[in-house]
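Below is one structure; the comments refer to it alone.
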Amino acid sequence: MFLLYEYDIFWAFLIISSLIPILAFLISGILAPISKGPEKLSSYESGIEPMGDAWLQFRIRYYMFALVFVVFDVETVFLYPWAMSFDVLGVSVFIEALIFVLILIVGLVYAWRKGALEWS
């Protein structure tokens with residue numbers, strides 16, 4: 001039978017973890033000094049007077065490497081619990097994990113052939 005009271009700890013954790021950032025923003029908004037001068041409105045570059053335009057274009061290669069890193073980082077997060085309980089789960093879950101890894105490998109090969117991973 002599904003009993004809702006078994007999830008009291010989850011709901012308490014969810015409420016507390018939602019209230020902490022909200023309260024932090026509210027308290028900092030109330031206590032922070034409000035001063036809008038020319039120094040506050042200028043961009044900050046480690047105490048040095050800023051030179052040039054603040055709008056710079058970045059190469060798409062940075063984003064491609066970051067995206068590939070995030071994909072494989074998330075893959076590790078998904079595969080770690082599976083690896084820890086590999087002996088209990090059985091063959092069907094092994095096949096599912098194998099399909100998951102193969103899909104990621106196909107994506108990596110595609111990005112590699114398109115030249116997205118070359119740094120030149």
Side-chain angles (χ1 to χ4, degrees):
M1 183 172 174
F2 180 72
L3 300 174
L4 196 56
Y5 70 86
E6 293 178 0
Y7 293 98
D8 287 344
I9 294 174
F10 168 75
W11 292 114
F13 178 76
L14 186 68
I15 291 170
I16 291 171
S17 64
S18 299
L19 285 178
I20 288 175
I22 292 170
L23 287 175
F25 279 117
L26 286 175
I27 291 171
S28 68
I30 292 170
L31 297 179
I34 300 172
S35 61
K36 301 224 188 247
E39 285 296 318
K40 277 286 194 186
L41 296 176
S42 69
S43 59
Y44 180 73
E45 292 185 10
S46 301
I48 300 172
E49 195 66 34
M51 298 181 305
D53 192 17
W55 294 98
L56 300 173
Q57 287 186 342
F58 289 101
R59 294 179 57 176
I60 192 70
R61 302 255 183 238
Y62 298 121
Y63 299 109
M64 292 302 293
F65 275 95
L67 187 62
V68 169
F69 170 76
V70 167
V71 165
F72 285 99
D73 195 40
V74 170
E75 173 196 9
T76 305
V77 168
F78 281 132
L79 287 180
Y80 185 74
W82 169 81
M84 298 282 42
S85 58
F86 175 71
D87 56 345
V88 178
L89 296 175
V91 177
S92 65
V93 177
F94 174 74
I95 293 172
E96 289 175 10
L98 188 64
I99 292 170
F100 176 70
V101 171
L102 287 175
I103 290 171
L104 289 173
I105 289 173
V106 167
L108 179 65
V109 168
Y110 175 77
W112 198 340
R113 290 205 177 184
K114 284 292 210 178
L117 302 178
E118 293 178 10
W119 194 267
S120 58

CG (L14) and CG (L19) are apart, to the nearest 0.5 Å, by 9.5 Å
Return the set of residues passing side-chain contact (heavy atoms from CB on, under 4.5 Å) with F72 (not counting sequence neighbours), or none when no residue passes.
-> V68, E75, L104, L108
What residues form a side-chain contact (heavy atoms from CB on, under 4.5 Å) with L102, not counting sequence neighbours?
-> L98
Which atom pairs, one a donor and one an acceptor, fall under 3.5 Å between side chains of residues 23-34 and the rest of the protein, sequence neighbours left out?
residue : atom : partner : partner atom : Å
S28     : OG   : A24     : O            : 3.1
S28     : OG   : F25     : O            : 3.1

Do the rings of F78 and F100 sit parallel, tilted or perpendicular, given the 30° and 60° boundaries?
-> perpendicular
Test of understanding: clusters of I, L, V, M, F, W, Y form through side-chain heavy atoms closer than 4.5 Å, transitively. Do [X] and [Y] belong to the same one?
X: V101; Y: V70; result: yes
X: Y80; Y: V88; result: no
X: W82; Y: V71; result: yes
X: W112; Y: F69; result: yes
X: F13; Y: W11; result: no

Minimal non-hydrogen separation, V77 against P81, with atom names = O-CD, 3.0 Å
